[in-house]
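Below is one structure, written out as structure tokens; comments come after it.
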4 protein chains.
Amino acid sequence: MAPKVVDGRKLRAQRRRAATEAKLLFAAESVICRRGFHAATIADIVDEAQVARGTFYQYFDSREAVYRRLIGDFVKLLTSSVERVTERRAPVEDVRTNLLRVLEQLFAQRELAILLFRDALTPDPVLKQLHLDLHQHMHRMVCGLLRRGAQWGILREVEVEGTAWAVIGAIKELLLRRIDELPTLQTDEPVIDGTRITPAVRQSAVDAASVLVDAFYGGLRAP
Amino acid sequence: MAPKVVDGRKLRAQRRRAATEAKLLFAAESVICRRGFHAATIADIVDEAQVARGTFYQYFDSREAVYRRLIGDFVKLLTSSVERVTERRAPVEDVRTNLLRVLEQLFAQRELAILLFRDALTPDPVLKQLHLDLHQHMHRMVCGLLRRGAQWGILREVEVEGTAWAVIGAIKELLLRRIDELPTLQTDEPVIDGTRITPAVRQSAVDAASVLVDAFYGGLRAP
Amino acid sequence: MAPKVVDGRKLRAQRRRAATEAKLLFAAESVICRRGFHAATIADIVDEAQVARGTFYQYFDSREAVYRRLIGDFVKLLTSSVERVTERRAPVEDVRTNLLRVLEQLFAQRELAILLFRDALTPDPVLKQLHLDLHQHMHRMVCGLLRRGAQWGILREVEVEGTAWAVIGAIKELLLRRIDELPTLQTDEPVIDGTRITPAVRQSAVDAASVLVDAFYGGLRAP
Amino acid sequence: MAPKVVDGRKLRAQRRRAATEAKLLFAAESVICRRGFHAATIADIVDEAQVARGTFYQYFDSREAVYRRLIGDFVKLLTSSVERVTERRAPVEDVRTNLLRVLEQLFAQRELAILLFRDALTPDPVLKQLHLDLHQHMHRMVCGLLRRGAQWGILREVEVEGTAWAVIGAIKELLLRRIDELPTLQTDEPVIDGTRITPAVRQSAVDAASVLVDAFYGGLRAP
DNA sequence: CATGAATGAGAGTTCATTCAT
DNA sequence: GATGAATGAACTCTCATTCAT
């Protein structure tokens, strides 16, 4: 009856909820990674998460819902990382740095990246919208980069809109090509900044960024 | 007389077989396009083709088999069109022409192109192999183009292998972006040279090729 | 129009009919032998007989019909061979001779024998009846043998009805046990009396008869 | 308190599982008996058991699996009952007693006995092995009985191996003949010692044993 | 809240049978 | 009479979802 007791109970209950939800999300992600998007079943997920079948439906309305949540979160992460990129006034070296940052995120969560880039064009309208949103966002960002690059004189003039899509496609392809080569994240591996970006992941991102910058920018020069 | 009757009957039977098979292949293609690879069911296909469930299995051993056939045929088409590209000794303007030719094929059969570029990374080993084959083929071709471009002095030197994948990714993305904009082929639409390359398809290919050449080649100059 | 011509045509047509029917019956038998009763399909039979699917239905009303026919013919064959056994007034040695004759038939057509003894208790009422008929027939015969054996003083007195079933069961088991050991009939193998009774078949029958006579009769003595 | 609740729930769940499994096994048994092995479908079984289609697959991996389970259990039962038979040093009267015991089991579970004796020679390799195992076991046992019978002077000398198969065939035939005559076990019928051996079953076994002993042993005399 | 047994619509596939040619 | 393409009912099995405990 005392407010403190109630608060304590509520707090513990909330924590337990959050913990179970996290278990399910993590399990869903790793199952999708292992078995692929379409082959991932509820049974796989609840087995992986070590919870009962019914528990799943206490946290997510349907099979699609957990995918939506997973992707939504990832899109938010990418978007915010990209937001930080564009808000900085870019000196020359910035472009490479920022591209690297995005690629790091993509490589670090490569299961979701695959999901997003390879499988996401499903009939499910919500997933389609999320997919579209991310791509529009990336497109706007790349368009900005291309325009600013031209202004700074480090890029020649191109048809911006189409070229931006070409750049995005190039990123996606390089990502998918490198993904098989990267070792799977070990549970005891040191992670940087609480993210899943390990040294191996960073190196892959550096390589991919180099190729892209080389291909599209002809090599960036400090002014 | 007897042989003639038999021949006549056999001929008609063969034509009927071919017609039904074409109906099924066409239906499968359009169903996959509409509902996506994994959501396309036998029921959808036979409904679309207006034949009975069992008829499907007179022509294809399994659900996978029809996809293998569809993709295999398309890969052969692309491959052969690309073969012709690479065997010609290229003067400067050739690069643009040949790229255009490939893009025309991709846009003309855009349902299959989507299937191949978007969905093909499935657990099915045969499909995976077909997918891999095509990509290896495209990669070899693009590597060759990049190297010859450098020799002819119309391209700066780049890290060839990685850049080739970037180019392929760019082509795929442009393709997928344009596909929704293209109107679906009408049955009474004039087709060119017995292919499905219509004026609209050709225009799309020209646009995409321009963007790519612009982005990667910095504009091609006649020598 | 001349009766002779018509007769000739009719005759040839009849012969062709009979030939095709024989092809189908032979194919059905060998397919059942190879794949088992329940796994034998129409497709198997017409493939084996080298005729079209529809032709099958010109000769038999249904899948069951061909089995009925096959079994019916075999039952008739066995019955008639047994008939000859019982009609003869038996001196002592006769019992062994007659048993041998039945066993020879069973071993010679062992595919059908299996079909009859192992599989025939299907829900199909007609097959069930044929099966029952044959067993009743065999039972009556064996009862007769047992009674006459006792009269002739070469068999001790037993509960005739039950013992007769026991004898039949023993025959069936020995038959099934020997069947796997017998080599399949070769097409160029010398057959005896136009039947499928080869030397190997005859030897098997002799062996089985010996065991049975030994087990049930304690060795037959000439009076 | 918490553990008790959990235990209570787990216990009830386990009981429910066991009950449903029993329902399914019982249904499968009776369906197989009624419709035959090959004609018995999942639909039949779940209809009989009054559960949903999917429920079946929570308990058995496949259609074959339930047959394997059914047969495996029965073979174990028979084997153990036979084990007890052979381990006893047999005075004269023992042979009859032990034979009776086996026959009682066979008659009590006559549906399975039919399944085992009539249908088990299927292409399914596991079923075939189970069938073979049981027959080898029975054969060894009968061989032993025949040899000991000869040693004790209550049986004349015979070719043991072959005769043993004849005996087994005789048992099987008598069993199959009596099965139709026996009334189906009523659910409210008093069962003896928790088994399904009712007075009617016992009487049938006695009759069959008498026929066999009479036929093969010439009547057993107390020493 | 957590549980997991139960559900049933729907998937791919088989095959006896029909019928226009 | 012979053909073989077409048929569709029936089969086994899967899996997202529900609900009593």
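Just so it is clear: chains get the letters A, B, ... in the order the sequence lines come, proteins before strands, and each one is counted from 1. As a basis for the values below, the full set of heavy atoms in this structure was taken, side chains included, without hydrogen atoms, waters or symmetry mates.
Rounded to whole Å, atom P of F:dC15 lies 8 Å from atom CG of A:Asp44. If you take CG of A:Asp47 and P of F:dA16, they are 12 Å apart, rounded to a whole angstrom. The separation between B:Leu11 atom CG and F:dA5 atom C1' is 16 Å, rounded to whole Å. Atom CD1 of B:Ile45 is separated from atom P of E:dA11 by 12 Å (rounded to the nearest Å). Put simply, CZ on B:Arg15 is 17 Å from P on F:dG4, counting in whole angstrom units.
Of the two residues contacting DNA chain F, namely B:Gln50 and C:Gln50, the nearest-nucleotide position lying further toward the 5' end is that of C:Gln50.
Among pairs with a residue in residues 51-61 of chain B, none fulfils salt bridge (Lys or Arg N to Asp or Glu O under 4.0 Å), at least two apart in sequence or across chains.
Using a 4.0 Å heavy-atom cutoff across all strands shown, D:Tyr59 reaches sugar-phosphate atoms only and no base atom.
Once rounded to the nearest 0.5 Å, the distance linking OH of D:Tyr59 with CZ of D:Arg69 reads 11.5 Å.
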Collect all protein-nucleotide pairs involving nucleotides 14-17 of chain E in which both atoms are nitrogen or oxygen and the distance is under 3.5 Å.
from: E:dA16; atom 1: OP1; to: C:Arg63; atom 2: NE; distance (Å): 3.2
from: E:dA16; atom 1: OP2; to: C:Ile42; atom 2: N; distance (Å): 2.9
from: E:dT17; atom 1: OP2; to: C:Tyr57; atom 2: OH; distance (Å): 3.2
from: E:dT17; atom 1: OP2; to: C:Arg63; atom 2: N; distance (Å): 2.8
from: E:dT17; atom 1: O4; to: C:Arg53; atom 2: NE; distance (Å): 2.8

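C:Ser62 is linked by a side chain to side chain donor-acceptor pair (under 3.5 Å) to nothing, counting only residues two or more places apart in sequence or in another chain. In this view, C:Asp47 satisfies the side-chain contact (heavy atoms from CB on, under 4.5 Å) rule with no residue, not counting sequence neighbours. Every residue meeting the ring-ring contact (aromatic ring centres under 6.0 Å, His included) condition with D:Phe60, not counting sequence neighbours, appears here in chain and number order: D:Phe56. Residues that satisfy the side-chain contact (heavy atoms from CB on, under 4.5 Å) test with D:Ala52, not counting sequence neighbours, are D:Thr55. Every residue meeting the side-chain contact (heavy atoms from CB on, under 4.5 Å) condition with B:Phe74, not counting sequence neighbours, appears here in chain and number order: B:Leu77, B:Leu78, B:Leu106, B:Gln109, B:Leu112, B:Ala113, B:Leu116.
Two residues are said to be in side-chain contact when any heavy atoms from C-beta on lie closer than 4.5 Å; B:Val46 and B:Ile42 meet this criterion.
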| note | With both pairing distances under 3.5 angstrom for Watson-Crick or G-U wobble, and | for a partner in another strand, the correct string for DNA chain E is .||||||||||||||||||||
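Phosphate contact (OP1/OP2 of E:dA5, side-chain N/O of D:Arg16, threshold under 4.0 Å): absent.
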Identify each donor-acceptor pair in which a side-chain atom of residues 22-32 of chain D lies under 3.5 Å from a protein atom, sequence neighbours left out, and give them as a table.
from: D:Glu29; atom 1: OE2; to: D:Arg196; atom 2: NH1; distance (Å): 3.2
from: D:Ser30; atom 1: OG; to: D:Ala27; atom 2: O; distance (Å): 3.3
from: D:Ser30; atom 1: OG; to: D:Glu48; atom 2: OE2; distance (Å): 3.1

